[in-house]
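Note sheet for the following structure.
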Amino acid sequence: MSINNSLPDENDEFWLFGYGSLIWKPPPHFDRRIPGWVTGYVRRFWQASEDHRGTPEAPGRVVTLIDRSFWEQLTDHHDTAPDKVWGVAYRIIPDRVAEVKEYLDIREINGYTIHYTPFHPAADVDPSLLPHDSRGEKGPVKTLVYIGTPDNEQFVGPQDPQELAEHIYRSEGPSGLNRDYLWGLEKALDSLSPESGDEHVTDLSNRVRTIAAREGGGIQADKQILRAQFPVVSPDPEESLHHDHHHHFKKVGSVEEQEETEKTS
Ligand code: BEZ
């Protein structure tokens with residue numbers, strides 16, 4: 001595996017923060033994947049999904065980030081939220097940045113817009129993997145993040161947790177079952193750090209498991225979660241969780257194992 005360990009100025013680098021499906025479905029052409037967190041936000045299943053985990057007729061629910069000061073003014077049944085929103089930062093291989101930006105613009109619409117936020121690597125991350133500024137110092141990493149803000153059409157806002165769980169249980173879209181997205185996120189978060197769990201996600205996951213046990217709808221989903229356990233490298237594209245109808249990850253011929261891309265079928 002050839003990973004470029006030289007440290008260009010942070011300005012030369014493009015890092016992307018994922019707090020949802022990007023945690024286990026990496027963008028193409030990354031060479032570093034770093035667990036860590038951002039602050040000032042609350043992660044909630046408040047974004048309707050018409051294109052991945054639902055349809056325009058029956059939208060599913062996926063996560064977005066809510067500005068914490070805005071969230072504090074709302075009445076949310078889940079009335080606590082961790083200060084840190086855990087996820088993963090990806091560094092895009094410098095030569096592929098233009099290509100990846102173009103691809104991400106296509107992939108991530110449906111209400112999400114581009115924002116930038118400081119990312120804090122987990123305490124045990126090897127500092128040599130992180131960018132440094134022009135004075136040679138390492139601080140938080142500037143990352144691009146996709147957020148469905150409250151003014152976008154797909155923004156749903158606070159929902160009763162049991163109704164939200166029932167909704168997620170019923171929903172399905174071109175990328176698969178909405179419940180697999182929820183359970184995939186729960187599992188991916190658990191894998192990042194002992195402190196990376198998110199009560200909102202865990203509570204919804206537990207509720208959906210209870211519904212699935214009642215309705216007999218958990219078995220297929222569990223198989224897919226097992227496939228999601230090794231999120232960075234997909235040894236065989238057919239065995240990966242990434243075989244959405246629209247997006248199949250595939251290894252890029254001569255490039256080393258951490259590099260994957262999506263192709264449109
Ligand atoms: C994320 O994982 O951060 C993400 C994925 C798709 C849309 C928006 C955010």
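Throughout, numbering of the chain's residues begins at 1 and tracks the sequence. Each ligand, and each atom within it, is numbered from 1 in the order the structure gives.
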Inset, instruction - Check for a donor-acceptor pair, side chain of R68 on one end and backbone N or O of A81 on the other, with a separation under 3.5 Å. - result: yes

Inset, instruction - Check side-chain contact (heavy atoms from CB on, under 4.5 Å) between P82 and all other residues, then give those that pass, not counting sequence neighbours. - result: D198

Legend entry - Residues in side-chain contact (heavy atoms from CB on, under 4.5 Å) contact with L74, at least two apart in sequence or another chain: W46, F70, P158

Legend entry - E72 CD: over 12 foreign heavy atoms closer than 6.0 Å: yes

Inset, instruction - Looking only at distances, please establish whether an N/O atom of ligand 1 is found under 3.5 Å from an N/O atom of S21. - result: yes

Legend entry - Under 3.5 Å: N/O of L22 near N/O of ligand 1: yes

Inset, instruction - Mark up the atoms of ligand 1 that fall under 4.0 Å of a heavy atom belonging to G20, in ascending order. - result: 1 (C), 2 (O), 3 (O)

Inset, instruction - Just jot down the ligand 1 atoms closer than 4.0 angstrom to any heavy atom of Y146, in number order. - result: 8 (C), 9 (C)

Legend entry - Proximity to ligand 1 by part of Y19, non-hydrogen separation under 4.0 Å: both

Legend entry - Step-by-step ring pair (Phe, Tyr, Trp, His ring centres under 6.0 Å) determination, Y146 to Y112: CA-CA 6 Å; Y146 288 95; Y112 291 99; 7.1 Å; no

